[in-house]
Amino acid sequence: MKTYYITTPIYYANGEPHAGHAYTTIAADALARYHRVNGDDVFYLTGVDEHGANIDKTAESKGYSPQEYCDMLAPIFTNLWKRLNISNDIFLRTTSDLHKRGIHKFLTALYESGDVYKGHYEGYYCRPCERFFPDKEIPEDKTCPDHKIPLELVKEENYFFRLSKYQDKLLKLYSDQPDFVYPDSRRNELLNVLESGLEDISISRSSVSWGITLPFDPEHIAYVWIDALPNYITALGYDIDDQKFHSYWPANVHMMAKEITRFHAIIWPAMLMAIGLPLPKQIVAHGWLTKDGEALSKTRGIFIDMDGDIETYGVDAFRYYLLREFSFGNDGDYRPARLHARYNADLANDLGNLLNRVLGLLNKNFDAIPSPTTPGEFDDEIKTLTEETITSLDEHIKAFAFDSALESIWVLIRRVNRYVQQTEVWTLTKPETKPRMGTILYNCLEALRIISVLLSPFIPETSEKIQLQIGLKNFDSDTNWGNLQEGILVSKGEPIFPRVDLKKEEKTETMKPKQAKPKSKKKISENISFSDFQKLDLRIGIIISAEPVEGADRLLKLQVDIGDETRQVVAGIAEHYTSDTLIGQQVVIVVNLEPATIRNVESQGMILAASGESVVLVTPEAEVPLGTEVR
RNA sequence: GCCGGUGUAGCUCAGUGGUAGAGCACACGACUCAUAAUCGUGCUGUCCGGAGUUCAACUCUCCGCACCGGCACCA
């Protein structure tokens, strides 16, 4: 029996899961189920990554120990997966013994490979990022670009992994195995990274406490990614080297969202090379979800209402919509209106109604499933198309084209609807035509049975409902035509996808104004003295010219009149303001900031702006004389 | 600025060197077994713009525009 090992990332447990996590997990679930129904021995892994300074900090801010916090959060993930019908075989927590033991073995092996060395690291460090900035990346103001807080000059003794050594081997991997990274767009990006050179990476932290200690130096904690990536082997029992590990590793697919491909497609394979383990076969990245065209954002309250949509349309409709409407690999725009349209058109009208009408006809005219005694026109077409669908489905699945996969099944569903129409079964009630009627109904049911098998990876609950209504007590996953037995008593057939009235929906939607209050998540910094504050010289100025900076997308070169003089300031606001709207604006400018050169342009100060998801200039509430002090 | 991608019917997208397709939506018709479902027919397009190669380009080449990623940049 072929094995198939598929993984999602272990999601970082410093917040609740969102639709993006659900998307990854549902896609991986579809693959896992597809391979299971085709007879493979499948192992499907998902889980949570529970270590690192961020979790420690989040836990502390909520008044819990990190372990307590993780223990609270893990069930939120598992409950969601249960609700979404995720068929994972394991839910790995990095705080589990299984993982900790595996990591010890992994780190020991890595250490013994000779590619780990101890280095003194002196450099600029961002605590929330848990990372050092390489020399060429240090911002001139020594502020973390993501967290907007000052970098700390930290001198740490760290262990490093000789990633640089693996550049050529990785390049060879990419050329020998062109499908190692899917889709090609991601592969190209990573090739760029590889070709521009790799630096060794530090794999430990001595300043962080919440994590796994290095087996060869208890003073150090494994860096979160070094702790997390090997979960793919620790989950299989790598530490005891058992049969399970050897039968499932290497993984067939590591599935993830596009932002973490670098860790999976560069660092992870390099580490595996170092310890002499086989590499995963494919790194598969999907795009991000937007909602009605806007990026998801906690702070702006833009989120996908999974609970609401699942409540209205059902889990399978949610799964179906995500897999059917988005082309996997690209970003996808989640639009409740489209979900609604898909639900009614595809699920209720095409599939649900087909099952219902066939069962209705059968119940009205027969006591049980009749035998196909009387072949006729179109029968072969239905049978042939069913078989062709099985083949094309397989091709699409291999290419991660869930949308085409589902579309190909729907071609068959529509064909069966047409079959009912063409044969006008409902007219064949006379004794002499009844055997033909029975045959047609048998064919319809058999097609529906096979369709339910083909659909089971995507919408498992529906598949079961279909088979139950057909009268099968145990799920029959045989896709050979004719496997359906005659004489089975069918059920009455309640609609499996009752139509949803849009007007009702609009009402309920307006009834729950669930707007999150926009707020910044950055914590208040440490206190400074009043004299510290007084050191700042803030003045009112007016922008008299603004032009783009050569070679930079975000920068504008501004001339600001502050009364006595004109200052040239470079500001990273080009994405939010055009020159026209800026000229004539009064702004607050820091005039005693030491000058800096950015992109060969001198900047003699800094314009204040609220900078969160959007950037908004700070301006005086009423016009004031230029050069006025701000305090 | 560099690298890559995308731009086709109202919407979501497929597609080929010979003058364009699917689903949804829309209109009309058929049917009445079925969840106002199904089936048929029809409709709309400067296939982003421009130049070039070719007997012929939406499909190839070049230039440009727009949007989206990645990298650089964010005092």
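The basis for the numbers below is simple: all heavy atoms, side chains too, and nothing from hydrogens, waters or symmetry mates. In what follows, chains carry the letters A, B, and so on, assigned in the order in which the sequence lines appear, proteins first and then strands, with residues in each chain numbered from 1.
The side chain of A:Asn349 sits closest to B:A37 out of B:G70, B:U12, B:A37. Proximity note for A:Asn192 (side chain, C-beta onward) versus B:C3, B:C33, B:U12: the nearest is B:C3. Considering only side-chain atoms of A:Asn188, the nucleotide from B:C31, B:G23, B:G4 that sits closest is B:G4. Of the candidates B:C31, B:G70, B:U35, the closest approach to any side-chain atom of A:Ala348 belongs to B:U35.
If A:Arg324 and A:Asp350 are placed on RNA chain B by their nearest nucleotide, the residue sitting closer to the 5' end is A:Arg324. Projected onto RNA chain B by closest heavy-atom contact, A:Pro498 and A:Leu593 fall at different nucleotides, the more 5' of which corresponds to A:Pro498.
Rounded to a whole angstrom, the distance from the P atom of B:U53 to that of B:G40 is 46 Å. A gap of 16 Å separates the P atoms of B:G64 and B:G5, to the nearest Å. For the P atoms, the distance from B:U61 to B:C11 is 28 Å, rounded to whole Å. To the nearest whole angstrom, the two P atoms, one in B:C48 and one in B:C28, are 33 Å apart. Nucleotides B:G23 and B:G15, compared at atom C1', are 15 Å apart to the nearest Å. With C1' as the reference atom, B:G50 and B:G18 are 23 Å apart, rounded to whole Å. Separation of the C1' atoms belonging to B:U59 and B:C47 is 9 Å when rounded to the nearest angstrom. Going from the P atom of B:A30 to that of B:A14 covers 37 Å, rounded to whole Å.
Distances shown here put every side-chain N or O of A:Lys258 at or beyond 4.0 Å from the OP1 or OP2 atom of B:G70. Side-chain N/O atoms of A:Arg499 include one lying less than 4.0 angstrom from OP1 or OP2 on B:A37. At B:U38, none of the side-chain N or O atoms of A:Arg357 fall inside 4.0 Å of OP1 or OP2 (strictly under the cut-off).
B:A57: no Watson-Crick or G-U partner with both key distances under 3.5 Å is found in any strand. Pair assignment for B:C43 gives none, since no Watson-Crick or G-U wobble pairing has each distance under 3.5 Å. In this structure, B:C31 makes no Watson-Crick or G-U wobble pair, since no nucleotide meets both defining distances under 3.5 angstrom. Here B:G1 sits opposite B:C71 as a Watson-Crick or G-U wobble pair (both hydrogen-bonding atom distances under 3.5 Å). In this structure, B:G21 and B:C13 make a Watson-Crick or G-U wobble pair, each of the two defining distances being under 3.5 angstrom.
Under the 4.5 Å side-chain criterion, counting only non-hydrogen atoms from C-beta, A:Trp288 is in contact with A:Lys258. Taking 4.5 Å as the limit, every side-chain heavy atom of A:Leu582 sits out of range of all side-chain heavy atoms of A:Val587.
Taking the six-membered ring for Trp and thresholds of 30 and 60 degrees, A:Tyr182 and A:Phe400 have ring planes inclined between 30 and 60 degrees apart.
A pairwise comparison of heavy atoms in A:Arg187 and A:Val181 identifies N-CG1, 3.7 Å as the closest pair.
Under the rule for a ring pair (Phe, Tyr, Trp, His ring centres under 6.0 Å), the partners of A:Tyr321 that lie at least two apart in sequence or sit in another chain are A:Phe326, A:Tyr334.
Side-chain N/O atoms of A:Glu325 and base N/O atoms of B:U12 include no donor-acceptor pair closer than 3.5 Å. Interface remark: the A:Arg554 side chain does form a donor-acceptor pair with the B:C73 base, using a distance-only criterion of under 3.5 Å.
In summary, A:Glu446 and A:Lys383 do not engage in a salt bridge, as defined by a charged side-chain N under 4.0 Å from a carboxylate O. Salt bridge annotation for A:Lys465-A:Glu494: absent, with no cationic side-chain nitrogen under 4.0 angstrom from a carboxylate oxygen.
Looking at heavy-atom distances under 4.0 Å, A:Val193 makes no contact with the nucleic acid at all. Using a 4.0 Å heavy-atom distance criterion, A:Ser185 is classed as making no nucleic acid contact. Heavy atoms of A:Asp403 sit nowhere under 4.0 angstrom from any nucleic acid atom. In this structure, A:Leu190 reaches neither bases nor backbone, as no heavy-atom distance under 4.0 Å exists between it and the strands shown.
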